[in-house]
Asks: 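Sharing a structure here in structure tokens format.
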Amino acid sequence: MAKKISTRKTTAKSSSTAKKTSVKNAEAEVKASVKEATVEPKTVAKKEAVKPKAAVKKTAKAKTPEKKETVEAKPEAKKEEAVKPKPAAKKKTVKAKTSEKKAAVKAKPAAKKAEVEVKEPVKKVEIETKVPAKKVAVKAEAPSKKEVAEPQIAVKQDIPMEQPDLGPRRSVAFIGSECYPFVKTGGLGDVMSALPKALAKLNLDVKVILPRYKCIPQKYQEKMEYRGSFYMDLCADGKQYYVGIMEYQEDGVVYDFIDNDEFFSWGDPYTNLIDDIPKFCYFGKAALAALNYLDWTPDIVHCHDWQAALVPLYLRTCFSDTNVGRAIAVLTIHNLRFQGVYDRKTIQYWSGLPDYVFNKDCMIQNWLDANMLKGGITYSNKVTTVSNTYAWEIQTEEYGEGLEEHLRYHNNKVLGIVNGIDTDIWNPATDKLLASKYDAESAIKNKKANKKALQESLGLDVDDNKMVIGLISRLTNQKGLDIVNDVIPGIMDGNTQVVVLGTGDARYEDTFRYYEDKYKGSFCAYIAYNENVAHNIYAGCDALLVPSRFEPCGLTQLISMRYGAVPIVRETGGLKDTVQPYNAFENTGNGFTFDRYESGLLYDAINRAKTLYFENRVYWDDMVVRDMNKDVSWEQSAKQYKDMYVELTPRY
């Protein structure tokens, strides 16, 4: 529409200009030039008529304005057409048209501006009227080509892009005891947060069910919406308990919180086994009852660790005749050490499960105790672990925690899928907690600023030439802290600094405080967990220790690689699956590893890392960049989970 409006204005302007020019030419040339004016212009007019028409054929819009110009010009110049003005008018028409097209090109972003911009080129027409027709014809062709190309581009932009095929859709209910950012004590909280978000992007309908602890931050409590409440039979004697449902939505995931002050009014999610057994017997049953109450029937019920391990048993017993009872049960083991083992009578009373599940092949352990995780493994359709190596390790006596024979019996349904990390939260390029943001390209330069900030904030000597080794962990014997304790005196050589962050067993806390006092300026023991300090350690240290006795997956080494801190790890569980040992001959690998759980081998791995750091910094920097470019996100792992869900539900 903008082009048509501006064309009319140009036509009016050019026709009036043609009138003035024709009068002047008629007086100046008198009768002597009449013959010349009647012959030459016709020839020129023919040439003009041929070349512009070729351009007009290319664009349908350009053809209409030209006809209008011809019609409007005739009544104003009837008497003067016999004289020279006729070809002159045509010259101006072509020139005006050319100027108009230029104005139209400029005017594309805003149609209103086109009306103003057209006036400037029209003034030029009055000056350039005497340009020979041949040149005008050449100029007229060039813009017409541009005009032909531009509409084609516009058409391409209007074509809707095809949406990627995300495959079959499934509905999944995650049931677990913690989820970041509501409540988190370990890796389970990270998985329950990041995996549902990743699955939601893969065309899955995801709901997460959690206890409504009083320790959940108030800002989330305020945003929860009440969805309903009811009373549920729980105990073997039919005692009823209140079940409230509060809902919160974020990032395509629906979070339903089970509300009951009697069980969840404690300050922490976990207290002691005596109190936790009734709490999680109630939670598993209430989660399934809530799904029925909301009339939301999932294809998959995916439960996590011993706290939700009774869910598969409830599905096949108490809820077998309900809608939710048709769902497939998946159980993920995040750490086999914790199994929910307690007195059989207590668990049978609080769960209300039938007698037949309390046998040596299902719930019973050591004849007198009941094992909630063991029962969950028995009744699940699929049992997953958080790494491939750990799936194999838990079937051995060394790592089986007493369930190795049971797991070997059910090994046909055991599958390992390595964890990822939330790369939006753990991203040094956007991390607001860092002194200097960086990516793989700027890491070598900008990590120095973060190293300096870390040294200053933790009371270490500020020296870029020293190697900083970090350790972020729960302070328990699982994390290999006894062999770390053995090697610290040997690695504190004046060129090395060590930073420890975490809480746990008092003996480790006291040991690290002792080292801080002994090696002032070179050792820091931050006995607490502080998220800000953790981010700064990842960004500021050169290497990170993860010498675990066993490690189902481990997120620390994944985060350290994301931040360009080279991991030094023991080859176990997820550490073995995610860290490739450095090869000095080929300059490959992304960390330093050792196999047997011995302090001498840890000491050797640290010294190999220090040797490369101090003697061949170029190769060290290459490894830093490789680590930062490694894909540690949930994308690939989420696809494996989806493939498993689809395989388990072939009816679609």
Side-chain angles (χ1 to χ4, degrees), residues 162-176 179-180 187-210 249-256 287-288 291 296-305 308-309 311-312 315 323-324 326-334 376-377 379-391 410-426 552-553 555 558 574 577-578 630-652:
E162 289 185 10
Q163 293 297 322
D165 183 11
L166 298 175
R169 186 169 177 81
R170 296 289 187 274
S171 56
V172 185
F174 275 71
I175 302 176
C179 175
Y180 179 84
L188 171 60
D190 290 315
V191 174
M192 288 282 290
S193 170
L195 179 55
K197 292 177 186 176
L199 291 171
K201 295 176 182 176
L202 295 177
N203 196 33
L204 268 70
D205 191 7
V206 186
K207 185 186 287 287
V208 177
I209 304 179
L210 303 161
Q249 295 188 35
E250 189 176 78
D251 295 329
V253 179
V254 177
Y255 300 89
D256 284 333
L288 296 177
L291 289 172
W296 197 86
T297 305
D299 298 309
I300 305 284
V301 172
H302 192 157
C303 45
H304 298 261
D305 272 351
V311 169
L315 276 175
N323 288 336
V324 74
R326 298 195 299 268
I328 296 295
V330 175
L331 172 65
T332 294
I333 300 172
H334 295 266
I377 293 169
Y379 272 79
S380 294
N381 297 89
K382 202 77 174 178
V383 176
T384 69
T385 66
V386 288
S387 69
N388 291 314
T389 300
Y390 193 60
H410 292 281
N411 70 340
N412 63 319
K413 59 184 180 184
V414 177
L415 173 68
I417 301 176
V418 71
N419 283 343
I421 61 171
D422 190 326
T423 51
D424 293 328
I425 296 172
W426 298 106
C553 177
L555 301 179
L558 300 178
D577 291 346
T578 56
K630 181 179 173 67
D631 182 9
V632 294
S633 70
W634 270 104
E635 187 175 346
Q636 293 303 319
S637 300
K639 287 178 181 175
Q640 292 180 58
Y641 274 108
K642 180 175 180 178
D643 290 343
M644 178 188 69
Y645 297 151
V646 172
E647 184 182 346
L648 290 170
T649 53
R651 59 185 179 277
Y652 295 100

Asks: Where the side chain of S380 meets the backbone of V383, is there a donor-acceptor pair that is under 3.5 Å apart?
Replies: no

Asks: How far does CD1 of I421 sit from OG of S637, to the nearest 0.5 angstrom?
Replies: 11.0 Å

Asks: If you take all heavy atoms of P298 and L291, which pair is closest and at what distance?
Replies: CG-CD1, 4.1 Å

Asks: I want to check something: taking the side chain as every heavy atom from C-beta on, are L199 and F174 in contact at a cut-off of under 4.5 Å?
Replies: yes

Asks: For the residue pair D256 and K207, establish whether any side-chain heavy-atom pair is separated by less than 4.5 Å.
Replies: yes

Asks: Quick check against the 3.5 Å criterion: does N381 have a side-chain atom that pairs as donor or acceptor with the backbone of A329?
Replies: yes

Asks: Atom CE of M192 and atom NE2 of H334: how far apart are they, to the nearest 0.5 Å?
Replies: 7.5 Å

Asks: Between D577 and S387, which heavy-atom pair has the shortest distance, and what is it?
Replies: OD2-CB, 3.3 Å

Asks: Using salt bridge (Lys or Arg N to Asp or Glu O under 4.0 Å) as the criterion, list what pairs up with D305, not counting sequence neighbours.
Replies: none

Asks: Take V330 and L648, measure what side chain to side chain contact (heavy atoms under 4.5 Å, CB included) needs, and give me the verdict at the end.
Replies: CA-CA 10 Å; V330 175; L648 290 170; 3.8 Å; yes

Asks: Given I328 and V301, is the side chain to side chain contact (heavy atoms under 4.5 Å, CB included) satisfied, shown in steps?
Replies: CA-CA 6 Å; I328 296 295; V301 172; over 6 Å; no

Asks: Tell me the closest heavy-atom pair linking V172 and W296, and the distance in Å.
Replies: O-CH2, 3.6 Å

Asks: Do side-chain atoms of T332 reach the backbone of T385 as a donor and acceptor pair under 3.5 angstrom?
Replies: no

Asks: Just wondering, do I333 and T384 contact through their side chains at under 4.5 Å, heavy atoms?
Replies: no

Asks: Testing the basics here: between P196 and V191, what is the closest heavy-atom pair and its distance to 0.1 Å?
Replies: CD-O, 3.4 Å

Asks: Salt bridge (Lys or Arg N to Asp or Glu O under 4.0 Å) with D251: which residues, sequence neighbours excluded?
Replies: K197

Asks: Please test V254 against V206 for side chain to side chain contact (heavy atoms under 4.5 Å, CB included), starting from the C-alpha separation and ending with a verdict.
Replies: CA-CA 7 Å; V254 177; V206 186; over 6 Å; no

Asks: State, to 0.1 Å, how close I175 and A308 come at their nearest heavy-atom pair, and which atoms those are.
Replies: O-CB, 3.5 Å

Asks: Is the closest side-chain heavy-atom distance between L558 and T578 below 4.5 Å?
Replies: yes

Asks: Report the distance from atom CG of L202 to atom OH of Y645, rounding to the nearest 0.5 Å.
Replies: 10.5 Å

Asks: What heavy-atom pair brings C179 and Y255 nearest, and what distance separates the two atoms?
Replies: SG-CE2, 3.9 Å

Asks: Considering only heavy atoms from C-beta outward, does the side chain of K382 approach that of L331 to under 4.5 Å?
Replies: no

Asks: Is the backbone N or O of N203 less than 3.5 Å from a side-chain atom of R169, with the two atoms forming a donor-acceptor pair by type?
Replies: yes

Asks: For the residue pair R326 and D299, establish whether any side-chain heavy-atom pair is separated by less than 4.5 Å.
Replies: no

Asks: Between the main-chain N or O of G420 and the side-chain N or O of W634, is there a donor-acceptor pair closer than 3.5 Å?
Replies: yes

Asks: Between H304 and H302, is any pair of side-chain heavy atoms under 4.5 Å apart?
Replies: yes

Asks: Tell me the salt bridge (charged side-chain N to carboxylate O under 4.0 Å, His left out) pairs involving residues 410-421, sequence neighbours left out?
Replies: none

Asks: Which value, rounded to the nearest 0.5 Å, describes the distance between M644 atom CE and Q640 atom CD?
Replies: 10.0 Å

Asks: Hey, are the side chains of V418 and V386 touching, using non-hydrogen atoms and a 4.5 Å cut-off?
Replies: no

Asks: Could you state the interatomic distance from SG (C553) to CG (N388), rounded to the nearest 0.5 Å?
Replies: 10.0 Å

